[in-house]
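Heads up: the structure comes next, in structure tokens.
The basis for the numbers below is simple: all heavy atoms, side chains too, and nothing from hydrogens, waters or symmetry mates. As the structure lists them, so they are numbered: ligands from 1, and atoms in each ligand from 1.
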Amino acid sequence: MDMLKQFSLEGKVALITGAVYGIGFAIAESYAAAGAKIIFNCLDEDTKNKAIESYKEKGIDATGYVCDVTDEEAVQKMAADIKEKFGGVDILVNNAGIIKRIPMTEMSAEDFRKVVDVDLNAPFIVSKAFIPTMIEKGHGKIINICSMMSELGRETVSAYAAAKGGLKMLTRNICSEYGEYNIQCNGIGPGYIATPQTAPLRERQADGSRHPFDSFIIAKTPAARWGTPEDLQGPALFLASDASNFVNGHILYVDGGILAYIGKQP
Ligand code: NAP
Ligand code: GCO
């Protein structure tokens, strides 16, 4: 029995939203290595062309769309085009996301809504657009990129935590509503991963020392380091492949142990 065959994505089509760098790009790279056709979207033409070049450098012939995931009409148009050209997608990763770090009492309702729009409403909009074809195909994998903030709160990230907590429940609800169509919807909850999104939390101080938040995360993580986008590749491949066909509505935390740990004693 060839166990590794279960992890093959040969013949599959995968859309990874916002996969131009960081976590999304690393996930796309692993799917391509496992045999999948890669599709991504981003916010403008210039970024799209640059990303296509980055994929080419890795030997990947990716297809890009300019599509804002919060714009339902644009997403429906992209889904129709993907259906025509590629027969729909077998794997959808809702990766595009934003964060605004602002104390809650200073945050405008507009900023709060913007974060919820990208991090929660958009996974609804995009999943809604692709589920019908998954039902027609008789299978589908949806992977929502959640967060530590799907479980934990902290200062300044009220909108992000509200959205990522909501995304955990959207994940369970998609599983509940469409599991009978052989659609598996799971989440990945990355720990603290070194990407542009978290760069401000790792900036060196004027005296060259570590950012206090950087030291805090290292102390709070049993693995004693930040994660890398590559740390998410194996878990994301598992959830996209036949190896996880009976795993549904689960959030797989890939956090170096943060959620298991009470923290260092003083
Ligand atoms: P990132 O580096 O900021 O990448 C997110 C991507 O989403 C960017 O390419 C961004 O485009 C794109 N995007 C934002 N709004 C969009 C929209 N409306 N339509 C289409 N694309 C849009 O973030 P990352 O750190 O790789 O994070 C990827 C996902 O993992 C996010 O959902 C994030 O919340 C989550 N996550 C990250 C961490 C971490 O520690 N880094 C941990 C847990 C979860 P622009 O750059 O053009 O704005
Ligand atoms: C923050 C961070 C986080 C992470 C991530 C953790 O300001 O606390 O940006 O929210 O990026 O989502 O899992």
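When heavy-atom distances to ligand 1 are checked against a 4.0 Å cut-off, Asn41 comes that close only through its side chain, counted from C-beta outward. Only side-chain heavy atoms of Gln197 come within less than 4.0 Å of ligand 2; its backbone N, CA, C and O stay farther off. With a 4.0 Å heavy-atom cut-off, ligand 1 is reached by the side chain of Val118 but not by its N, CA, C or O. Neither the backbone nor the side chain of Ile193 has any atom closer than 4.0 Å to an atom of ligand 2 (non-hydrogen atoms only). The part of Val157 lying near ligand 2 is the side chain, judged by heavy-atom distances below 4.0 Å. For Asp119, no heavy-atom contact with ligand 1 is shorter than 4.0 Å. With a heavy-atom cut-off of 4.0 Å, Lys164 touches ligand 1 through its side chain alone. Only the backbone of Cys67 comes within contact range of ligand 1, with a heavy atom under 4.0 Å; no side-chain atom does. Heavy atoms of Val20 found under 4.0 angstrom from ligand 1 belong exclusively to the side chain.
Under the 4.5 Å side-chain heavy-atom criterion for ILVMFWY residues, a single connected hydrophobic cluster contains both Val20 and Ile60.
In Asp61, the CG atom is not crowded: 12 or fewer heavy atoms of neighbouring residues, nucleotides or ligands sit closer than 6.0 Å.
Less than 4.0 angstrom separates some heavy atom of Met148 from each of these atoms of ligand 2: 6 (C), 13 (O). Each of the atoms 26 (O) of ligand 1 lies under 4.0 Å from some heavy atom of Gly22. Numbered from 1 in the order shown, with element, the atoms of ligand 1 that lie under 4.0 Å from a heavy atom of Pro190 read 42 (C), 43 (C), 44 (C). Each of the following atoms of ligand 1 lies closer than 4.0 Å to a heavy atom of Ile98: 14 (C), 15 (N). With ligand atoms numbered from 1 in the order given, ligand 1 contributes 39 (C), 40 (O), 41 (N) to contacts under 4.0 Å with heavy atoms of Ile193. Using a 4.0 Å cut-off to heavy atoms of Gly191, the atoms of ligand 2 that qualify are 6 (C), 13 (O). Those atoms of ligand 2 that come under 4.0 Å of a heavy atom in Arg101, given as number and element, are 1 (C), 2 (C), 7 (O), 9 (O). Within ligand 2, counting atoms from 1 as listed, the ones closer than 4.0 Å to a heavy atom of Met149 are 10 (O). Those atoms of ligand 1 that come under 4.0 Å of a heavy atom in Pro196, given as number and element, are 2 (O). Short contacts between ligand 2 and Ile99, defined as distances under 4.0 Å to a heavy atom of the residue, involve ligand atoms 1 (C), 2 (C), 7 (O), 9 (O), 10 (O).
From the protein, the heavy atom lying nearest to atom 18 (N) of ligand 1 is Asp68 OD1, 2.9 Å. Residue, atom and distance of the protein heavy atom nearest to atom 19 (N) of ligand 1 are Val69 N, 3.1 Å. Among all protein heavy atoms, the one lying closest to atom 22 (C) of ligand 1 is Ala96 CB, 3.6 Å. Counting protein heavy atoms only, atom 44 (C) of ligand 1 is closest to Cys146 O, 3.1 Å. The protein heavy-atom contact nearest to atom 25 (O) of ligand 1 is Thr195 OG1, 2.6 Å. Nearest protein neighbour of atom 6 (C) of ligand 2, counting heavy atoms only, is Ser147 OG, 3.5 Å. The single protein non-hydrogen atom nearest to atom 2 (C) of ligand 2 is Tyr192 CE2, 3.5 Å, given as residue, atom name and distance. The shortest contact between atom 10 (O) of ligand 2 and any protein heavy atom is with Tyr160 CE2, 3.1 Å. Atom 35 (C) of ligand 1 has Ile145 CG2, 3.6 Å as its closest protein atom, hydrogens excluded (heavy atom only).
The main-chain N or O of Asn95 is found under 3.5 Å from a side-chain atom of Thr17 such that the two form a donor-acceptor pair. The backbone N or O of Ala163 sits nowhere less than 3.5 Å from a side-chain atom of Asp119 that would complete a donor-acceptor pair.
The distance from atom CD1 of Ile125 to atom CG of Asp71, rounded to the nearest 0.5 Å, is 8.0 Å.
The closest side-chain donor-acceptor pair between Asn94 and Ser127 falls under 3.5 angstrom. There is no side-chain donor-acceptor pair under 3.5 Å between Asn173 and Ser176. Between the side chains of Thr63 and Lys85, no donor N or O sits under 3.5 Å from an acceptor N or O. Gln184 and Asn182 are linked by a side-chain donor-acceptor pair at a separation below 3.5 angstrom, with hydrogens and angles left out of the test. Residues Lys141 and Asn248 bring no donor and acceptor atom of their side chains to less than 3.5 Å of each other. Thr198 and Arg202 form a side-chain donor-acceptor contact under 3.5 Å, judged by distance and modelled atom types alone.
Distances between N or O atoms of Thr70 and those of ligand 1 include no value under 3.5 Å. The N/O atoms of Pro190, backbone and side chain alike, include one that comes under 3.5 Å of an N/O atom in ligand 2. Residue Thr198 has no nitrogen or oxygen atom sitting less than 3.5 Å from a nitrogen or oxygen atom of ligand 2, judged on distance alone. Of the N or O atoms in Thr198, none lie within a sub-3.5 Å distance of an N or O in ligand 1. Taking any N or O of Gln197, backbone or side chain, at least one lies under 3.5 Å from an N or O belonging to ligand 1.
Counting heavy atoms from C-beta outward, Pro200 and Arg101 have side chains that approach closer than 4.5 Å. When side chains are defined from C-beta on, Phe40 counts as touching Lys48, because their heavy atoms get closer than 4.5 Å. With contacts defined as side-chain heavy-atom distances shorter than 4.5 Å, the pair Ile99/Met149 does not qualify.
Closest to atom 42 (C) of ligand 1 by heavy atom, among Gly191, Ala199, Ala163, Gly18, is Gly191. Counting only non-hydrogen atoms, the option in Val115, Leu43, Ile188, Ile217 that gets closest to atom 48 (O) of ligand 1 is Leu43. Among Tyr192, Tyr65, Tyr21, the residue whose heavy atom lies nearest to atom 46 (O) of ligand 1 is Tyr21. Residue Gly97 holds the heavy atom nearest to atom 14 (C) of ligand 1 of all those in Ala122, Gly97, Ala26, Pro123. Selection from Asn95, Ile23, Val93 by nearest heavy atom to atom 29 (C) of ligand 1 gives Asn95.
Ring geometry for His211 versus Phe213: interplanar angle over 60°, hence perpendicular rather than tilted (30 to 60°). Relative orientation of the Trp226 and Tyr192 rings is perpendicular, given thresholds of 30° and 60° on the angle between their planes.
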task = Could you check Val93 against Tyr31 for side chain to side chain contact (heavy atoms under 4.5 Å, CB included), going step by step and ending with a plain yes or no?
result = CA-CA 11 Å; Val93 183; Tyr31 289 179; 3.7 Å; yes
request  = For the pair Val13 and Ile91, evaluate side chain to side chain contact (heavy atoms under 4.5 Å, CB included) and give the outcome as yes or no after the intermediate values.
outcome  = CA-CA 6 Å; Val13 178; Ile91 302 154; over 6 Å; no
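Remark: distances from the non-hydrogen atoms of Leu201 to ligand 2 include one below 4.0 Å. Residue contacts with ligand 1: Tyr160 is included, with a non-hydrogen atom under 4.0 Å away. Not close to ligand 1: Ala19, with no non-hydrogen atom less than 4.0 angstrom away.
When all heavy atoms are compared, the tightest approach of Ile38 to Ala28 is CD1-O, 3.4 Å.
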